[in-house]
Amino acid sequence: MSEEASQPHGPHGYSGDKAALLGRLRRIEGQVRGLQRMVDEDTYCIDVLTQISAAKSALQAVAVGLLEDHLAHCVVDAARAGDPSAKVKEASDAIARLIKS
């Protein structure tokens with residue numbers, strides 16, 4: 001983790017939608033528990049793979065939403081303060097990690 005990322009931040013862009021975000025993450029958690037149950041019950045492999053794909057897509061949607069919030073709030077606030085370069089770099093690095101996965 002970078003020094004910048006480990007420093008405390010102000011309110012995050014997702015703060016206003018925190019309940020919705022947590023709800024989505026809980027649903028994804030349920031999907032993963034369902035995957036464990038499917039494997040435990042020897043469910044057909046293609047069906048398990050289909051559910052893995054759905055869980056992965058749900059996580060990607062959460063990640064894109066968080067990235068949009070970061071750009072709309074953190075990067076915009078940094079630009080207003082005069083130097084968005086660190087926040088833009090942070091966003092670019094996050095995008096690179098998302099693309100790799």
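The analysis underlying the following values was restricted to heavy atoms, covering all of them including side chains, and did not include hydrogens, waters or symmetry mates.
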Visitor: Would you say the side chain of Ile95 lies within less than 4.5 Å of the side chain of Ile99, judging by non-hydrogen atoms?
Guide: yes
Visitor: If we only count heavy atoms from C-beta on, is the Leu71 to Val76 side-chain gap below 4.5 Å?
Guide: no
Visitor: Do Leu98 and Gln60 come close enough that some side-chain heavy atom pair is under 4.5 Å?
Guide: no
Visitor: Mind checking the CZ-CZ spacing from Arg33 to Arg26? Nearest 0.5 Å is all I need.
Guide: 10.5 Å
Visitor: Using a strict threshold of under 4.0 Å (side-chain N to carboxylate O), is an ion pair present between Asp40 and Arg37?
Guide: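 Between Asp40 and Arg37 there is no salt bridge, as every charged N stays at least 4.0 Å from the carboxylate O atoms.
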Visitor: May I ask you to decide whether Glu90 forms a salt bridge with Lys87, counting only side-chain N to carboxylate O separations under 4.0 Å?
Guide: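 Between Lys87 and Glu90 there is a salt bridge, with a charged N closer than 4.0 Å to a carboxylate O.
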Visitor: Would you mind checking if Arg97 and Asp93 are paired as a salt bridge, meaning a charged N to carboxylate O distance below 4.0 Å?
Guide: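 Arg97 and Asp93: not salt-bridged.
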Visitor: In Å and rounded to the nearest 0.5 Å, what is the CD to CD distance from Gln31 to Gln36?
Guide: 12.5 Å
Visitor: Do side-chain atoms of Ser92 reach the backbone of Val88 as a donor and acceptor pair under 3.5 angstrom?
Guide: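 Flag set: sc Ser92 to bb Val88 pair under 3.5 Å.
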Visitor: How many angstroms lie between CG in Leu25 and CZ in Arg27, if you round to the nearest 0.5 Å?
Guide: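 Reported value, rounded in 0.5 Å steps: 9.0 Å.
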Visitor: Is there a donor-acceptor pair under 3.5 Å between the side chain of Thr50 and the backbone N or O of Ile46?
Guide: yes
Visitor: Rounded to the nearest 0.5 Å, what separates atom CD1 in Ile52 from atom CE in Met38?
Guide: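 With rounding to 0.5 Å, CD1 (Ile52) is 8.5 Å from CE (Met38).
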Visitor: To the nearest 0.5 Å, tell me how far Ile28 CD1 sits from Ser57 OG.
Guide: 10.0 Å
Visitor: Over all heavy atoms of both residues, which pair between Ala55 and Leu35 is shortest? Give the atoms and the distance, please.
Guide: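 Distance-wise, the nearest heavy atoms are CB-CD1, 4.4 Å.
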